[in-house]
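To start, the structure itself, in structure tokens.
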Amino acid sequence: MRSLPIMPCVAKHTHPAQRVLMLIGGFNSVLRMLNYTLHLFIAVALAAASVLIMIQFSHDVVDTFREHILAAGFLHALGTLFIVWVLSALISAEITFMRSGIFHVEVFFEVAMITLLRQLILIPVKSGGETIPQDDLIFYAMISAALLATGIAYFLVARSHLGSGRKAL
């Protein structure tokens, strides 16, 4: 009697649970590739935004000197520079994520604190150097309280990572 050659056919001889695990593994690989592609897109968008904001900062500085409004112009340019700081923090977080796959929560607190600081700087600019209206003072106090709360949350999260090898700022 002549025997037929044995052809390995994994799909026919695997248990249904193993096939499901293989499908899930393949789906996870596709999702990881998609996630990496999305993060690559985010990194490129952050780089483009950084270049555009630096151009805006340059225009703000030039306009400040051209219009002879040094104090308000400087504060406005500083507000634009804070956006560069936010973008820098986000780009740094993207680099860390793309290298290690780890995203640190502190980045959200850092971005929130920078954004709140920017608001504190721009409120006096909005009033044009005059006395700040009562409504703006209340808003100023709310921004200050939010900044304090965010700073405390940032400190607590950063401190919790001390044991895992990260340093608190």
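As the structure is a computational prediction, the values presented were derived from the model and not from experiment.
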If you link ILVMFWY side chains whenever their heavy atoms are less than 4.5 Å apart, which other residues fall into the same cluster as Ile55? By chain and number, please. Val51
Met142 atom CE: more than 12 heavy-atom contacts under 6.0 Å: no
Whether the side chain of Ser92 engages the backbone of Ser88 through a donor-acceptor N/O pair (distance < 3.5 Å, no angle test) should be reported. no
Distance, nearest 0.5 Å, that separates CD1 of Ile121 from CD1 of Ile143: 12.5 Å
Look at the side-chain heavy atoms of Ile, Leu, Val, Met, Phe, Trp and Tyr, link any pair under 4.5 Å apart, and say whether Val62 and Ile83 land in one connected group. no
Minimum heavy-atom distance Arg118-Thr80, with the two atoms named: NE-N, 4.4 Å
Side chains of Gln119 and Phe139: closer than 4.5 Å at any heavy-atom pair? yes
Indicate if Tyr154 and Val105 have the same hydrophobic cluster label, given that clusters are the connected sets of ILVMFWY residues with side-chain heavy-atom separations under 4.5 angstrom. yes
Side chain to side chain contact (heavy atoms under 4.5 Å, CB included) with Val61: which residues, sequence neighbours excluded? Phe57, Phe65, Ala77
Roughly how far, to the nearest 0.5 Å, is the CD atom of Gln56 from the NE2 atom of His76? 6.0 Å
Which residue pairs pass the salt bridge (Lys or Arg N to Asp or Glu O under 4.0 Å) test with at least one member in residues 40-65, sequence neighbours excluded? Asp63-Arg66
Side chains of Ile114 and Glu110 in contact at under 4.5 Å (non-hydrogen atoms): yes
Test: ring pair (Phe, Tyr, Trp, His ring centres under 6.0 Å). Region: residues 22-48. Which pairs qualify, not counting sequence neighbours? His39-Phe97
Got a sec, which pairs hit salt bridge (Lys or Arg N to Asp or Glu O under 4.0 Å) with one end in residues 40-57, sequence neighbours left out? none
Please report the interatomic distance CH2(Trp85) to CG(Leu78), rounded to the nearest 0.5 Å. 9.5 Å
Could you tell me if the side chain of Phe103 sits less than 4.5 Å from the side chain of Thr96, heavy atoms only? no
ILVMFWY network linking Val84 to Leu120, side-chain heavy atoms under 4.5 angstrom: yes
How far apart are the closest heavy atoms of Thr150 and Ala112, and which atoms are they? CG2-CB, 3.8 Å
Taking the side chain as C-beta and beyond, is there a heavy-atom pair between Asn35 and Leu31 under 4.5 Å? no
Treating Ile, Leu, Val, Met, Phe, Trp and Tyr as nodes and any side-chain heavy-atom pair under 4.5 angstrom as an edge, say whether Ile42 and Ile95 lie in one connected cluster. yes
Quick note, side-chain hydrogen bond (donor to acceptor under 3.5 Å, both in side chains) partners involving residues 41-50, not counting sequence neighbours, are none
Are Ile69 and Leu75 connected in a single hydrophobic cluster, I mean Ile/Leu/Val/Met/Phe/Trp/Tyr linked by side-chain heavy atoms less than 4.5 Å apart? no
